[in-house]
Each structure stands twice: as C-alpha cells, then as structure tokens.
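Both backbone and side-chain heavy atoms feed into the values below; hydrogens, waters and symmetry mates do not.
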Amino acid sequence: IGTGGFTFDSSTQLTVTTGNIYFEGGQVTDNNGNAGTARNITFAGNITAGANKIAIGEASNDNVVFTMNNGAVINQTGGSFFVGSTGDTTNTGGSFSGTLTMNSGSSLTTTGYVVMGGESNVSNAIPSATFNMNGGTFAVNGNYTILGGVGNFTGTQTGGTILLSRPGNMALFIGQDASLGGSATWNQSAGTFVVNGNTVVGGRNGGVGTVNISGTANAQFLQGLILGLQDYAQGTFNQTGGTVSIGTGSNIADTNYLITGANTIDLVLAYNQTNANGNPSITKGTYNLSGGTLQVNGITTGQGNGYVGGSNAAPSTYTSGSGAFTTTSGGTANFNWSGGATLRPFDNELTIGNAVTVTLGTGGGTVNTNDKDGIARQVTFDVPIGSSSGATSAGLTVAGSGVALLTQAVTYTGDTSVTSGTLKAGVANVLPSGTGYGNLVLDGGSSAAGRFDMNGFAQAVNGVNGVTGAVLGTITNNGAS
C-alpha cells in the first residue's frame with residue numbers, strides 16, 4: 001500500500017490458495033524520528049485463503065489499520081493470522097504495528113494460529129497490535145491465539161462475539177512473554193467472549209497480562225483460567241461488572257511452561273514458582289472482583305511443579321537477557337472482593353484453596369451457593385477471609401439454598417449476613433468478635449430462610465440480629481435448633 005489508504009468494496013472477491021497475503025505500508029517514524037502516517041484499509045469484501053499467512057502490519061516500519069465493515073468476510077484454512085506480528089526472526093529493522101477493527105456485520109474465521117503483538121523476537125524494536133471488536137464475529141477453530149506475544153497489545157470489545165476453540169489444550173495467551181518488554185491488556189464492556197480451552201494471562205519471562213471486564217460483558221473461560229503462569233509472570237484480572245464464567249479444564253502437559261501434573265484447572269492464581277530451569281522465580285496472580293458475578297468451581301494457587309508456598313529465596317525482579325525489561329512481582333495469589341459483588345459455583349462444588357489470600361474491601365462480598373443453573377452447592381472457604389485496612393461494610397453475605405462452609409476463622413470487620421441457605425462453621429469461634437467487628441445478621445425476610453449451623457463447635461459472636469432488628473432465621477448445632 002503506497003503512500004495512502006485503500007478501500008475494498010463489497011464487490012471485492014479475493015481467493016488465495018497457495019500464497020501469503022500481506023497488508024503492509026506506512027511508517028511508524030520518519031527519518032527524523034517523528035511519528036509517521038498510518039495506512040488505512042477499509043474492507044467490505046470477501047477473502048478466502050488457504051493454509052498460508054495473512055498479515056496486517058508485519059514488516060519493519062509498518063503502521064497498518066485494517067477495518068472490517070458490514071459484509072466483510074475473511075475465511076482462512078490453516079496457516080497463520082498476524083496483526084502487528086511476524087514469524088521472521090531475521091527481521092531486525094524498526095518497530096511496526098497493526099490494528100484490526102471489526103464492526104457490526106463483519107466475520108473473520110480461521111483454523112490457523114493467531115498472533116497479535118509479536119510472535120518472534122525482533123531485535124531492535126517492540127512490535128505492537130491493537131484489536132477493536134465493535135461487532136461481528138471473530139472465530140478461531142482448533143488452534144491457539146496469542147494476544148501480546150513479545151510485543152505490546154491492547155484489545156477492546158464493545159460488542160460482537162469472539163469464539164476461541166481448542167478443547168483440551170492451550171487456547172489463549174494474553175501477555176505471553178515479556179522478553180522484549182511488551183505487555184498486553186484486554187478490555188471488555190459488552191458482547192460475548194468464549195474460550196473453549198485453557199487460558200493464560202501472564203505467561204513466562206516476566207510476561208504481563210491484564211484483563212478488565214465491565215458493563216454487560218459476558219466472558220466465558222470454559223476450561224480454566226491461569227493468572228501468572230511461571231518465571232516472574234504477572235496476571236491481573238479486574239472485574240467491575242458483567243458475568244465471568246470459569247469452567248474446569250485439564251492440566252495440559254507442556255514442558256515449555258512446566259505444566260506437567262494431572263491437576264485440574266479452574267481459576268489458578270500464580271501457577272508456578274519456578275523458571276524453566278527449575279530455579280525459584282516469583283510469580284503473581286491477582287483477581288479483583290468489585291462488581292458483577294464470577295462463576296467458578298475452584299480458586300487455587302501453586303498447582304504447577306516447584307511451588308513452595310509463600311515467599312521463597314528468589315529475587316523480586318525479572319530482567320530480560322537484553323536488560324530491556326525489569327518488573328517487580330509480589331509472589332502472591334490474591335483474591336480481592338468488594339462492592340457486594342457475587343461469587344458463585346459454576347456447575348459443581350466451589351472450593352477456595354488455603355494458599356489464596358482472600359481480602360474483603362468496602363461493600364464486602366456476596367456468596368451465592370446456587371450454581372449457574374440454580375442447583376444448591378457447597379462453597380468451602382479453606383482460607384481465613386480478611387478485610388483491607390480502612391474498608392467499610394467489609395462483611396460477607398450468604399445467599400442461595402446451599403451451604404457456605406468456613407473451615408478457618410475469619411478476620412474481616414463487617415457483618416456476616418445470611419439471607420438464605422446455610423452458613424456452616426468448620427472451627428470454633430469462626431466469626432470475629434470484639435471491638436471493631438460486626439454482628440451475625442440472620443435475615444431471610446418473610447421466609448426466615450437464613451441459618452447459621454454451629455456444627456458442634458462453640459461460637460462467640462458480638463450479637464445476633466436482623467437487618468431491622470428482628471432475627472429472621474435460625475441458629476442450629478449439627479442441624480438441631
């Protein structure tokens with residue numbers, strides 16, 4: 001594409017069976033180091049491609065913006081689909097970038113692998129990619145997708161449907177590798193995002209991945225989600241709204257990522273605490289839930305080989321071989337819960353593992369013991385739930401018709417409210433009492449459905465009341481009132 005843009009109208013039919021398709025051009029910087037002009041491609045036609053490459057911004061100094069409008073269709077069989085990426089390890093020139101924008105009525109389907117933001121190391125610059133999903137359908141069938149390889153990636157979904165399917169294997173990386181200093185961020189405020197396969201946010205070599213879910217977004221990770229895989233990686237997931245569903249997947253054997261066990265994967269925070277050589281390396285995974293609903297069957301940490309629990313004798317920073325990137329990691333698995341947001345089982349019992357740090361913030365959290373289909377389940381907290389400093393109303397609310405079991409004494413400062421179902425003690429004095437702590441609130445409305453089961457353990461509480469004073473629930477001991 002020369003010095004200007006290019007338009008493909010709806011009459012364009014392009015079929016390529018054996019060759020590659022490159023959308024290149026533009027200049028990221030001019031000879032004086034100033035920003036150049038992007039080459040804009042507006043597309044409303046039809047492309048059918050064989051098992052080869054489609055690349056949007058792949059060569060040195062490329063700066064290509066590719067927009068798919070209503071009626072645009074790309075069907076690719078095999079090969080690879082690149083945006084701001086290259087598979088050419090000999091590319092040692094200047095930086096390059098690519099942008100893919102999909103609007104309502106557009107469709108892109110591929111059985112090839114997808115990389116946005118640098119597949120291979122480009123020695124002199126960091127590649128970058130942008131993906132704007134405003135509408136239409138983006139589908140990858142039977143292959144993996146990398147959003148942020150060794151380069152920078154920013155993605156935004158405000159509509160449409162994304163379907164990434166690679167069952168029983170790694171399907172999606174967000175922030176795979178930071179050896180060149182890149183990072184990846186995915187933002188979703190609406191639309192549907194479905195991954196049928198394992199998902200990793202923050203891969204290796206200090207990989208930094210961030211996911212932000214808000215509004216009416218529907219995000220589904222049907223075979224597990226790992227935040228922070230290994231070797232100083234950092235994975236952060238911020239949910240302020242929408243619905244996030246995390247199913248149970250299998251542990252996929254992959255020696256490149258030290259995934260060797262037979263564990264199942266639900267939501268895993270900080271998977272490995274070793275690097276590829278088996279040496280200690282701090283990895284961090286954090287889930288911040290402050291709005292919407294999270295549906296998951298388990299929250300754990302350290303399922304990979306080499307996990308030692310807590311702190312270890314590893315440096316707190318990662319520096320790439322080129323010295324281009326240094327990041328500080330906390331070596332922690334944090335689940336921060338506030339705003340009254342809802343945590344519930346996906347389709348089975350839900351257990352929060354004992355090495356995860358669960359902290360309630362202002363507004364506290366709600367646990368609904370019914371799964372996504374309304375089936376009563378048990379939710380087990382094998383952690384001493386705490387609260388953040390200065391947080392107000394940092395308590396736990398139990399709803400649904402199942403059981404919430406506390407196996408360790410909690411330390412949060414707000415009330416413990418049971419509006420329906422059962423809160424069950426697993427130890428003596430499971431609820432905090434004394435100055436600065438809240439009450440036990442049993443308030444199931446007219447049905448008086450809330451129940452606190454002492455389960456044979458002696459309990460001390462500051463007080464028992466309903467929301468407006470009257471107790472609308474029961475206290476039992478091993479089922480006896």
Nearest 0.5 angstrom please: Ile352 CD1 to Asp382 CG, how far?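 Atom-to-atom, Ile352:CD1 and Asp382:CG are 8.0 Å apart.
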With rounding to the nearest 0.5 angstrom, report the OG1 to CG distance, Thr248 to Asp266.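 So the gap between those two atoms works out to 3.5 Å.
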Residues [X] and [Y]: side-chain donor-acceptor under 3.5 angstrom:
| X | Y | result |
| --- | --- | --- |
| Thr380 | Gln378 | yes |
| Asn132 | Thr101 | yes |
| Ser245 | Gln220 | no |
| Asn368 | Thr342 | no |
| Asp371 | Asn348 | no |
| Asn218 | Thr243 | no |

Given side chain to side chain contact (heavy atoms under 4.5 Å, CB included), test Thr110 with Asn143 step by step and report yes or no. CA-CA 9 Å; Thr110 182; Asn143 224 316; over 6 Å; no
Ser165/Asn141 under side chain to side chain donor-acceptor pair (under 3.5 Å): CA gap, chis, key distance, verdict: CA-CA 5 Å; Ser165 183; Asn141 298 315; 5.2 Å; no
Apply the test side chain to side chain contact (heavy atoms under 4.5 Å, CB included) to residues Asn334 and Thr359: give CA-CA distance (whole Å), side-chain angles for both, the deciding distance (0.1 Å), then the verdict. CA-CA 8 Å; Asn334 291 321; Thr359 304; 5.9 Å; no
Taking the inter-plane angle between the rings of Trp186 and Phe153 on a 0 to 90° scale, is it parallel (under 30°), tilted (30 to 60°) or perpendicular (over 60°)?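 The rings of Trp186 and Phe153 lie parallel, inter-plane angle below 30°.
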Under 30°, 30 to 60°, or over 60°: which ring-plane class applies to Phe138 and Phe131, parallel, tilted or perpendicular?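 The rings of Phe138 and Phe131 sit tilted, inter-plane angle from 30° to 60°.
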Set out, in order, the CA-CA distance, both residues' side-chain angles and the distance that settles side chain to side chain contact (heavy atoms under 4.5 Å, CB included) for Val64 and Ile41, then state yes or no. CA-CA 8 Å; Val64 179; Ile41 303 170; 3.8 Å; yes
